[in-house]
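Take a look at the structure below.
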There are 2 protein chains.
Amino acid sequence: MASAAYDIAVIGAGPAGMAAALYARIKRLETVVISKDVGGQMLYGPAIGNYLGFEAIPSAELIMRMRTQMEAHGPTVVEGNAATKVERKGRGFIVSAGHDTYQVKAVIIATGKVPRRLGVPGERELVGKGVTYCTTCDGPLFKGKQVAVVGSGMSAIYAALHLLRIASHVFLLSDYALMGEPHLIGDLGKAANVTVIESAQVTSINGDGKVESVTIHYGDDTQEIKVDGVFVETGWKPVSDLIRGLKLNKDQEIVIDKSHMTSVPGVFAAGDVTMVAEKQILIAASEGARSAMQAFRWLLDNRRL
Amino acid sequence: MASAAYDIAVIGAGPAGMAAALYARIKRLETVVISKDVGGQMLYGPAIGNYLGFEAIPSAELIMRMRTQMEAHGPTVVEGNAATKVERKGRGFIVSAGHDTYQVKAVIIATGKVPRRLGVPGERELVGKGVTYCTTCDGPLFKGKQVAVVGSGMSAIYAALHLLRIASHVFLLSDYALMGEPHLIGDLGKAANVTVIESAQVTSINGDGKVESVTIHYGDDTQEIKVDGVFVETGWKPVSDLIRGLKLNKDQEIVIDKSHMTSVPGVFAAGDVTMVAEKQILIAASEGARSAMQAFRWLLDNRRL
């Protein structure tokens, strides 16, 4: 258990967090970056082609370049534990992560989004052993195998259209009717190796050390389907529950004002965790940079530096 | 005189314009980019260190990388003439540049800012022949020469502090009192090769094919100062006068709404030409990307595609 003091904590290290840390350091703020990993949602895809300046770049390389640049400006980067809590203390905040705490004058929440989990027995135990939340990343590992995709929206449909070219058979398990482009749903219907089961409720993922099957309810029926992989494509949710009193929108995204300030004075937010409409790396990075400049101004205006 | 039709014209090719064109093409819009040059204000500095992903990169290289990526997505890039006019025609617009016109359904103005000119006799004729608007770019060319800096703000002060290390003598000509950090103004006062003349009105720049002197009024006096270079550092102004009816703020920046739309429906704007608070390459690029996504949505919503 250790405690350290900084001007500002940046929570999360995706593009928004890294840009926030870079600009906080450009403004000479003592900065700690706290994140479970570095890269955020960029970790979920193999390559990036729409970040201006890089025609096509492996995600790992862009992450490394952003990280190297951020670190060259000298923030403290604490990797390995996600922040679990932010509490007000006096005129500042205490951020908890793992066994450590950080005392700061302002906070930038750049925690992004994480995949929604199904919350069924077996899911947690079998993550990385057949259960995955990233079809683009892990699809290629299931060549010639039977797999299930769980979800009912466009990301589930795209995942199935991707996997039918890799797997021997794809079961698309949708809890309601599929929702998406009719012609894409039509393409799935025409594929010989895809079975779409609508109104299917996944009740458990089964296997001893690796995925062996998935159990579903539909109607009054229960069925066990043999699969080697379960691709959970039920959407992404913002990590917006770190501090009490944050105003959220209906999608649980953090509401910010023009100054990137949340409803809690001194707590700023940037990137995909916020209500910003466009979820793009370039835009998240820009939002991160802005939030740091605004936080710097707030710290000055409120005589905290 | 030629005329061509596109879905959208992006006017300007700085970071905002290039990102707008990239994203317009990602959205499969037929896109024409019209700009006098490619790079915008990035052309005015030697290197860039705060664009996330590039720890330190020569400006020319970052411009080239952005350009290559944009062009790989297939917009038509018309370089050499700035757009001079945008007019409504029917449900769309006509953009004029040089002898050519472009018929488009929507416009993104990403014209950025240009240096303010003095507007005195001799200035226009001697641009590039001793008159310059970029101290960082052209300072090194005046080693051992006498030069004048014209301006009264921080950029003029920084320019003089830069040039006193290069030139034999620097005349800093300020129309009012110098405004800036007292310790920096103090440094100028201590320098043996700097003469600060306040309340000096530049009335002409003189020379036959190259700058030979500058004429100033101060009080009732007129004086001719022999110089080889005139560094105009009187600030930057937005290029916001392409179309009638655009709402501007007091700094002549284009007012945009959350959708990046200007007061003229179908005309969007992004980057430093707009009222966006932070003038940064990363932010301008993000704004450009957003404006294209918003324009795409507007074209769909209004059944123009």
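So you know, we letter chains A, B, ... as the sequences are listed, proteins then strands, and number each from 1.
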In terms of heavy-atom pairs under 4.5 Å with chain B, the winner among H73(A), M70(A), E55(A), M18(A) is E55(A)
A quick test of your reading: do over 12 heavy atoms of other residues, nucleotides or ligands sit less than 6.0 Å from OH of Y133(A)?
yes
Based on non-hydrogen pairs under 4.5 Å, which of L62(A), I57(A), I281(A), N50(A) is most in contact with chain B?
N50(A)
Holding to ring pair (Phe, Tyr, Trp, His ring centres under 6.0 Å), I want the full list of residues that pass it with Y102(B), two or more places apart in sequence or in another chain.
none
Enumerate by number any residue of residues 20-29 of chain B whose heavy atoms lie under 4.5 Å from heavy atoms of chain A; in the absence of such residues, state 'none'.
L22(B), Y23(B), I26(B)
For the residue pair F54(A) and F54(B), categorise the inter-ring angle as parallel (less than 30°), tilted (30 to 60°) or perpendicular (more than 60°).
parallel
Heavy-atom count around K247(B) NZ within 6.0 Å, excluding the residue itself: above 12?
no
Output the option from E278(B), K258(B), M64(B) having the highest count of non-hydrogen pairs under 4.5 Å with chain A.
E278(B)
When every non-hydrogen atom of L52(A) is compared with those of P15(B), the smallest separation belongs to CD2-O, 3.7 Å
Which one wins on heavy-atom pair count under 4.5 Å against chain A: A72(B), A19(B), G53(B)?
G53(B)
If only atom types and distance count, is the side chain of Q69(B) paired as donor or acceptor with the main-chain N or O of G49(A) below 3.5 Å?
yes
One should read off an interatomic distance between I283(A) CD1 and S286(B) OG, to the nearest 0.5 angstrom, of 4.5 Å
Ionic contact status for E287(B) with R290(A), cut-off 4.0 Å
yes
Quick check on the interface: out of R65(A), Q294(A), R67(A), E61(A), who has the most heavy-atom pairs with chain B under 4.5 Å?
R65(A)
